[in-house]
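A quick write-up on the structure given underneath.
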Protein chains: 4
Amino acid sequence: MQFRVDRTGGIPAYVQLAGQVREALRLGWLKPGDRLPTVRDAVAASGVNPNTVLKAYRQLEFEGLVEARQGAGTFVKASLRSVDPEVMTDLRDHLAHWVLRAREAGMNDEGARALLGAVLDDKDTEGER
Amino acid sequence: MQFRVDRTGGIPAYVQLAGQVREALRLGWLKPGDRLPTVRDAVAASGVNPNTVLKAYRQLEFEGLVEARQGAGTFVKASLRSVDPEVMTDLRDHLAHWVLRAREAGMNDEGARALLGAVLDDKDTEGER
Amino acid sequence: MQFRVDRTGGIPAYVQLAGQVREALRLGWLKPGDRLPTVRDAVAASGVNPNTVLKAYRQLEFEGLVEARQGAGTFVKASLRSVDPEVMTDLRDHLAHWVLRAREAGMNDEGARALLGAVLDDKDTEGER
Amino acid sequence: MQFRVDRTGGIPAYVQLAGQVREALRLGWLKPGDRLPTVRDAVAASGVNPNTVLKAYRQLEFEGLVEARQGAGTFVKASLRSVDPEVMTDLRDHLAHWVLRAREAGMNDEGARALLGAVLDDKDTEGER
DNA sequence: GTGGTCTAGACCACA
DNA sequence: GTGGTCTAGACCACG
C-alpha cells in the first residue's frame with residue numbers, strides 16, 4: 001500500500017487516497033484484518049496534511065470498508081474482491097497483453113482508460129441494464 | 001456528446017465536464033472543427049450552473065483543445081487521437097471481448113478499471129518509460 | 001434552531017451540534033425541505049470554528065438526514081418525527097406537569113434525565129425487547 | 001453497577017464511564033461508603049483499557065464524589081440524591097406510566113429524551129431559574 | 001455568499 | 001505512538 005497524490009488534476013487529495021485504498025481492496029492487495037498505513041506514514045508517502053489522510057480514512061469508515069481503533073490504527077473491515085484470485089491472474093495476463101498491443105499502436109494510458117470506459121458503458125447497453 | 005455529472009464523488013463538476021470532452025476527443029467522437037454543446041444544452045444535460053460549464057470550457061480553451069468564437073459557440077481545435085481509426089476498432093473489439101469474460105467471472109466495472117490501472121502502472125516499470 | 005455548545009463536559013462540539021439538529025428533527029422543529037442555519041450563522045451562535053460546524057453537518061449528511069447543496073445551503077432531507085403532533089402536545093403537557101412535581105420535590109434537571117434513562121432501560125426489560 | 005461503553009457516538013469512553021457512576025449516585029444505586037467496581041471488573045464489562053477506567057475514576061475523585069484507597073478500591077464519598085426515596089419511587093412510577101403512553105403513541109427512547117430536554121429547557125424560562 | 005478543501009499546529013483520548 | 005478534535009486562516013467550487 002503506497003500512496004501517491006497528484007495535485008494538478010483538480011481532484012481532491014482525500015478522494016485520491018480513498019480511491020487508492022478501494023483499488024487495493026478490489027485487487028486483493030488489502031484483506032480484512034490488515035492495517036492501513038498509519039496516518040503518519042501516509043503523510044510521509046503522499047506529502048499531504050495529516051487531516052487530509054484522516055478525512056480519507058473517515059470516508060472509508062463511513063463506507064464500512066475500514067475501522068479505526070483508537071490508539072491501534074485503522075483496519076480493513078470488508079473486502080471488495082469480486083473475482084477468484086486465479087481467474088483474476090488470467091484476466092490480468094490477457095489485459096496486459098492487450099495493453100502491450102495498444103501501446104505498440106501508439107495509444108497512451110489515458111487513451112486506454114478512455115477506451116475501457118467507452119467499452120464498459122457500451123456493454124451496459126448491450127447487456128441487461 | 002452527452003454530459004453527465006455525479007455530485008456524490010467529491011470530484012468538481014467542471015473537472016468532470018472537461019474530462020468528458022477530453023475523453024470524446026481521445027476516442028474520436030469529437031474532431032477538430034466540431035462544435036461543443038452550447039452552454040445551454042450542457043446545463044440542460046448536466047443540471048449544473050452555466051458558470052460551471054463555462055469554467056470547464058475555459059479550462060479546455062486554456063489547454064489549447066477548443067476555441068470559443070463569440071456568438072458562434074465553442075469549437076474543437078485539436079485532436080487527442082493517438083491511434084489509427086482501424087487499429088482503434090480492432091483494439092476496441094478485443095477489449096470488448098475481454099470485458100465480456102471479466103463480467104462473466106463476476107468482475108464489476110470498478111474492478112475492471114482498477115485492474116487496468118494496475119496493469120498500466122506495472123507495464124510502466126517493465127516497459128521503456 | 002439555535003445552537004449552543006458546552007465545552008466543559010468533554011463531549012465533542014460537533015457531537016453536540018449534530019445532536020441538537022437531530023433533536024429538532026425529532027420534535028418537528030425542522031421539517032424536510034427546511035434549511036439549516038448557514039455555517040456562518042451556526043458559528044456566530046455557538047462560538048466554534050466553521051470547520052467544526054461543517055463536521056457536524058457532514059455527519060448528519062452521512063446519516064441521510066440532511067443534504068448540502070453547493071452554494072445554496074444545507075437542507076433537511078428526512079424527518080425523525082415518530083408521533084402525531086397532537087399526541088405530542090398531549091404527551092408534552094403531561095411531562096411538563098411531571099417535571100413541575102419533580103422540581104417541587106427537589107429534583108434537579110440531571111436527576112430527571114437520569115430517572116428517565118433508568119425508566120426507559122427498565123421498560124425495555126419489561127417490554128418485548 | 002454495570003458499565004457499558006458505546007464507541008460509535010464520538011463521546012469519550014471515560015466521559016461515559018464517569019457519567020454512569022454519577023447517574024447511579026443520583027438514583028441512589030450507589031451510596032456513600034459503597035465500593036465502585038474494581039478497575040479489572042470495569043475493564044471486563046466495558047472492554048476499554050485500564051487506563052481509561054482509571055481516568056474516569058480520577059475525574060470523579062476530582063469532583064469529590066469518590067475516594068481511592070490504596071489497595072482497597074475506590075469508594076463513594078458523596079451522594080447526589082436530591083429527593084427522598086419514597087417521593088422518588090412515586091415520581092418514578094408516574095414517569096413509567098408516562099413512558100408507557102409515549103411508547104404506545106409510537107415515540108422511541110430518543111424522542112422521549114428529546115422531549116424531556118425541551119420541557120426542562122422550557123420550564124427554565126417559565127420557572128424561577 | 002454558500003458550502004468545501006487543505007494546511008499547520010496545538011492538544012486530547014486511548015492502548 | 002495511535003487516531004481524533006479543534007482552531008485559524010487561505011483558497012476553491014458553485015449559484
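Labels below follow one simple rule: chain letters A, B, ... track the order of the sequence lines, proteins then strands, and each chain is numbered from 1.
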[X] with [Y]: basic N within carboxylate O range, under 4.0 Å:
X: B:K77; Y: B:E61; answer: no
X: C:R26; Y: C:E23; answer: no
X: A:R22; Y: A:E63; answer: yes

* Asked: Would you say A:E67 and A:T74 make side-chain contact, with heavy atoms under 4.5 Å?
  ->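 Of all side-chain heavy-atom pairs linking A:T74 with A:E67, none is under 4.5 Å.
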Can you name the one residue among [options] that meets side-chain contact (heavy atoms from CB on, under 4.5 Å) with [X]?
X: C:L65; options: C:L80, C:L30, C:L36; answer: C:L80
X: D:V5; options: D:L17, D:V15, D:I11; answer: D:L17
X: C:F3; options: C:D41, C:V21, C:V48, C:V53; answer: C:V21

* Asked: Paired with E:dT5: which nucleotide, if any, by Watson-Crick or G-U wobble criteria at under 3.5 Å for both distances?
  ->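 Pairing partner, where one exists within any strand: F:dA10.
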For [X] and [N], give me the distance from atom [atom1] to atom [atom2], rounded to whole Å.
X: A:R58; N: E:dG4; atom1: CZ; atom2: P; value: 14 Å
X: B:K55; N: F:dC12; atom1: NZ; atom2: P; value: 8 Å
X: A:L36; N: F:dG3; atom1: CG; atom2: C1'; value: 12 Å
X: D:Y57; N: E:dA13; atom1: OH; atom2: P; value: 18 Å
X: A:E67; N: F:dG3; atom1: CD; atom2: C1'; value: 13 Å
X: A:R69; N: E:dA15; atom1: CZ; atom2: P; value: 11 Å
X: C:Q59; N: E:dG3; atom1: CD; atom2: P; value: 18 Å
X: A:L54; N: F:dG4; atom1: CG; atom2: C1'; value: 7 Å

* Asked: Using a heavy-atom distance cut-off of less than 4.0 Å, which residues of residues 4-20 of chain C contact DNA chain E?
  ->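 Residues of residues 4-20 of chain C that come under 4.0 Å of DNA chain E do not exist, since none gets that close.
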* Can you list, by residue number, the residues of residues 45-52 of chain B that have a non-hydrogen atom closer than 4.0 angstrom to DNA chain E? ->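 Correct list: empty, so none.
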* Does C:R40 place a side-chain N or O at less than 4.0 Å from the phosphate oxygens OP1/OP2 of E:dG1? ->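 For E:dG1, neither OP1 nor OP2 has a side-chain N or O of C:R40 closer than 4.0 Å.
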* Take A:A72 and C:G73, find for each the nucleotide of DNA chain E with the closest heavy atom, and name the residue whose nucleotide sits nearer the 5' end. =>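 Nearest nucleotide further toward 5': that of C:G73.
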* When the ring planes of C:F62 and A:F62 are compared, do they come out parallel, tilted or perpendicular, using 30° and 60° as the limits? ->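 It falls in the parallel class, under 30°.
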* Asked: Donor-acceptor pair, A:R35 side chain versus A:A72 backbone, under 3.5 Å?
  ->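 Here the side-chain-to-backbone pair exists.
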